[in-house]
Protein chains: 2
Amino acid sequence: MRQTTLRDVAELAGVSPRTVSNVVNGYARVTDATREKVERAIAQLGYRPNVLARNLATGRSGQIVVVVPYLDTPYFAELLQGIIPAARKLGYNVLVDQTDGDRDHEGELIGRGSRRFLFDGMIFSPLGLSQEDLSVRDPDLPLVVLGERSSDGTFDHVGIDDVAASTDAVSHLFSIGRRRIAAIGDQPYPTGEAAQLRTQGYRAAHALFGRPVDESLIISTARFNRADGATAMAALLDRADPPDAVFCYSDLVASGAIHAIHQRGLRVPEDVAIIGYDDIEDGRYSSPTISTIQPDKKAIAQMAVDRLVKRIASPSPVPGVELRAEHRLIARESTLGVATSS
Amino acid sequence: MRQTTLRDVAELAGVSPRTVSNVVNGYARVTDATREKVERAIAQLGYRPNVLARNLATGRSGQIVVVVPYLDTPYFAELLQGIIPAARKLGYNVLVDQTDGDRDHEGELIGRGSRRFLFDGMIFSPLGLSQEDLSVRDPDLPLVVLGERSSDGTFDHVGIDDVAASTDAVSHLFSIGRRRIAAIGDQPYPTGEAAQLRTQGYRAAHALFGRPVDESLIISTARFNRADGATAMAALLDRADPPDAVFCYSDLVASGAIHAIHQRGLRVPEDVAIIGYDDIEDGRYSSPTISTIQPDKKAIAQMAVDRLVKRIASPSPVPGVELRAEHRLIARESTLGVATSS
DNA sequence: ATAGTCCTTTGCAGCGCTGCAAAGCGCAAT
DNA sequence: ATTGCGCTTTGCAGCGCTGCAAAGGACTAT
């Protein structure tokens with residue numbers, strides 16, 4: 001039992017296969033009479049076009065892949081929820097891949113692998129790959145990079161102004177009267193650009209308020225997750241001079257930090273104020289609700305998809321651009337306390 | 001500038017294209033000498049196989065699609081994190097799609113659409129589609145269903161024993177001395193099977209402990225999310241006779257409920273004990289940590305992929321089976337209080 | 001009546017690969 | 001030396017569709 005093909009439909013409708021193709025794709029001008037004949041035949045045979053064959057003939061797959069380090073990180077999950085509908089609206093399916101932040105895996109994906117043919121373009125959130133690594137890649141792959149790397153001119157980059165956002169976050173802590181402010185999430189090594197930009201903002205805010213930076217309050221973590229946040233916070237609380245506020249480099253870190261604080265029987269924000277980063281849904285419901293930096297995720301998703309599709313469509317290389325989405329400071333209970341809660 | 005093809009490699013290596021194909025795929029027996037020649041040629045030309053062409057020739061795409069209602073629901077994100085590596089290990093790429101629980105969209109996906117050719121099989125977590133709707137589908141599509149529907153014999157179903165798990169959850173609340181136990185998340189309509197099984201467990205536990213069911217304590221919600229959990233809980237607290245414990249049909253609902261309780265200045269579990277369902281990471285870090293039912297997600301992911309791949313590989317229809325993963329009750333602070341915290 | 005124009009439909013060739021089965025080849029057994 | 005066997009390599013045809021450009025047809029203007 002063979003599958004029904006264009007040819008079968010053509011025969012039944014009494015037209016050429018090419019005409020059936022034109023009807024199916026809404027191509028060219030087809031008279032209503034012909035279209036109707038063809039459509040009737042399609043319905044009668046239960047024909048459906050073979051996308052695989054179309055892909056081969058056109059050389060395009062109609063798929064884009066979104067590569068993130070961790071799918072179970074709410075930030076990425078929320079971002080994906082913006083990307084998928086945006087891409088589908090433009091006729092693309094979305095493939096999702098996660099790399100676990102593994103450098104080799106990430107390198108493979110942007111390299112000249114044979115999977116290349118499976119997608120027309122890639123939206124990529126690197127973690128294990130450094131800025132330099134990003135340049136060693138398949139030059140034919142339309143690429144949009146998310147996060148904190150910057151473009152080398154051959155791909156687009158979409159993100160928010162991390163330094164400014166981090167400065168805002170720490171300034172907020174100063175402005176509610178805190179003086180010993182820690183930072184959790186620094187990554188002082190080549191692939192830690194994201195973290196380093198936030199640390200830069202942390203320093204900038206200190207400068208702004210004329211406060212010296214206590215280097216010992218900048219805590220490094222391997223990842224931006226809850227477990228690392230909790231561990232780092234516990235270490236801070238063990239000190240003789242614990243901080244009275246903490247800037248966490250993600251809401252997950254903040255969530256872990258709050259957990260650690262509660263385990264000591266201390267209170268947020270009375271004993272330690274906490275501000276996070278990303279504005280994941282979690283933070284809007286946790287106890288206390290988490291103050292945070294809210295990147296405009298919908299805008300990021302839309303920009304990334306738009307740029308990528310533009311890049312795919314263009315026959316000549318498109319110069320890479322830097323796109324910045326907006327961000328806002330959202331003050332909640334973890335800095336303002338319950339009374340002033342929004 | 002054409003892409004390099006098998007033919008080019010064959011020419012350079014001085015063998016037939018078919019032999020190159022054999023080398024590339026590790027097919028058949030090829031002598032070391034030939035293999036080496038071919039591999040050298042491949043390296044020299046930077047050849048990579050065109051997956052699109054292979055797909056057309058073999059009629060398979062090497063992709064499976066995972067369809068979930070919401071990607072930003074941690075439960076699904078965590079599940080996906082199990083599915084993706086399991087599938088990749090078996091040579092399949094994973095496509096992800098989200099339906100927003102929309103009945104039409106879900107129906108289209110399991111129907112005879114042309115996207116069918118893009119994937120060899122589907123792992124599907126239905127929400128908008130009722131049990132009956134599931135039978136109106138492309139019979140050729142290898143399908144594994146997740147969650148709470150049951151198999152009609154043409155597809156596999158992987159889940160946990162929801163009734164037993166729910167009974168466990170509510171029994172736990174009884175066993176810590178609670179007497180007025182509410183349930184949040186019922187969905188008394190055709191597509192609410194998932195919810196209804198949990199309600200069944202809720203009733204079973206009451207029977208087990210010889211307590212009558214107060215129907216007014218069973219609260220329906222449209223979704224299993226934080227917002228609905230908070231709203232429902234707020235309504236319960238507004239009553240003259242609020243419950244002293246709540247069984248929430250997901251951890252997200254529990255998170256929302258706790259949020260509502262805290263907003264009233266009440267405490268968990270002193271005033272109201274809360275138990276959730278799913279064991280998402282969130283619940284392990286929230287304040288208080290959330291008692292829950294822990295389904296064995298890794299097992300579910302693995303079973304689903306294994307069955308699907310078996311189904312794809314089999315030339316004849318495979319009878320559908322019901323697979324049950326284990327579940328465990330995890331008691332945390334939201335029922336036990338801080339002192340006894342694990 | 002004839003030529004020119006525009007719109008619809010068609011035919012061809014090929015995208016790059018693999019399934020199938022037969023051809024080729026080297027070696028062992030007789 | 002001849003036959004037979006088993007492993008390696010090959011050739012053919014075609015997966016189902018679309019790009020391209022030309023053929024066909026209807027209609028208008030002269």
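The basis for the numbers below is simple: all heavy atoms, side chains too, and nothing from hydrogens, waters or symmetry mates. Just so it is clear: chains get the letters A, B, ... in the order the sequence lines come, proteins before strands, and each one is counted from 1.
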Atom [atom1] of [X] and atom [atom2] of [N]: how far apart are they, to the nearest Å?
X      : N       : atom1 : atom2 : answer
D32(A) : dC7(C)  : CG    : C1'   : 14 Å
N50(B) : dC17(D) : CG    : C1'   : 14 Å
R18(B) : dG11(D) : CZ    : C1'   : 11 Å
Y47(A) : dG16(D) : OH    : C1'   : 7 Å
N25(B) : dG19(C) : CG    : P     : 8 Å
R48(B) : dC17(C) : CZ    : C1'   : 16 Å

In terms of side-chain geometry, is the basic nitrogen of [X] or [Y] positioned less than 4.0 Å from the acidic oxygen of its partner?
X       : Y       : answer
D140(A) : R112(A) : no
D120(A) : R311(A) : no
D97(A)  : R115(A) : yes

### Message
Closest-nucleotide mapping onto DNA chain D: is L56(B) or T19(B) further toward the 5' terminus? I mean the 5' end.
### Response
T19(B)
### Summary
Taken to the nearest 0.5 Å, the spacing of E132(B) CD from T191(B) OG1 works out to 11.5 Å
Closest approach to the side chain of [X], judged atom by atom: which nucleotide of [options] is it?
X      : options                  : answer
V30(B) : dT9(D), dT18(D), dT18(C) : dT9(D)
T31(B) : dC17(C), dT8(D), dC17(D) : dT8(D)
N22(A) : dG16(C), dT9(C), dC17(D) : dT9(C)

### Query
Does any residue of residues 4-17 of chain A have a heavy atom under 4.0 Å from DNA chain C, and if so, which ones, in number order?
V15(A), S16(A)
### Query
Would you say S61(A)'s side chain and L118(A)'s backbone share a donor-acceptor pair under 3.5 angstrom?
yes
### Task
Examine distances only and state if a side-chain atom of D152(B) and a backbone atom of T154(B) form a donor-acceptor pair shorter than 3.5 Å.
yes
What nucleic acid atoms does [X] come within less than 4.0 Å of, heavy atoms only: base, sugar-phosphate, or nothing?
X       : result
N55(B)  : nothing
R54(B)  : sugar-phosphate
F117(B) : nothing

### Chi angles and distances behind the side-chain contact (heavy atoms from CB on, under 4.5 Å) call for L95(B), Q63(A)
CA-CA 10 Å; L95(B) 254 147; Q63(A) 299 190 111; 3.4 Å; yes
### Message
Below the 4.0 Å mark, does dT9(C) have OP1 or OP2 next to a side-chain nitrogen or oxygen of T34(A)?
### Response
yes
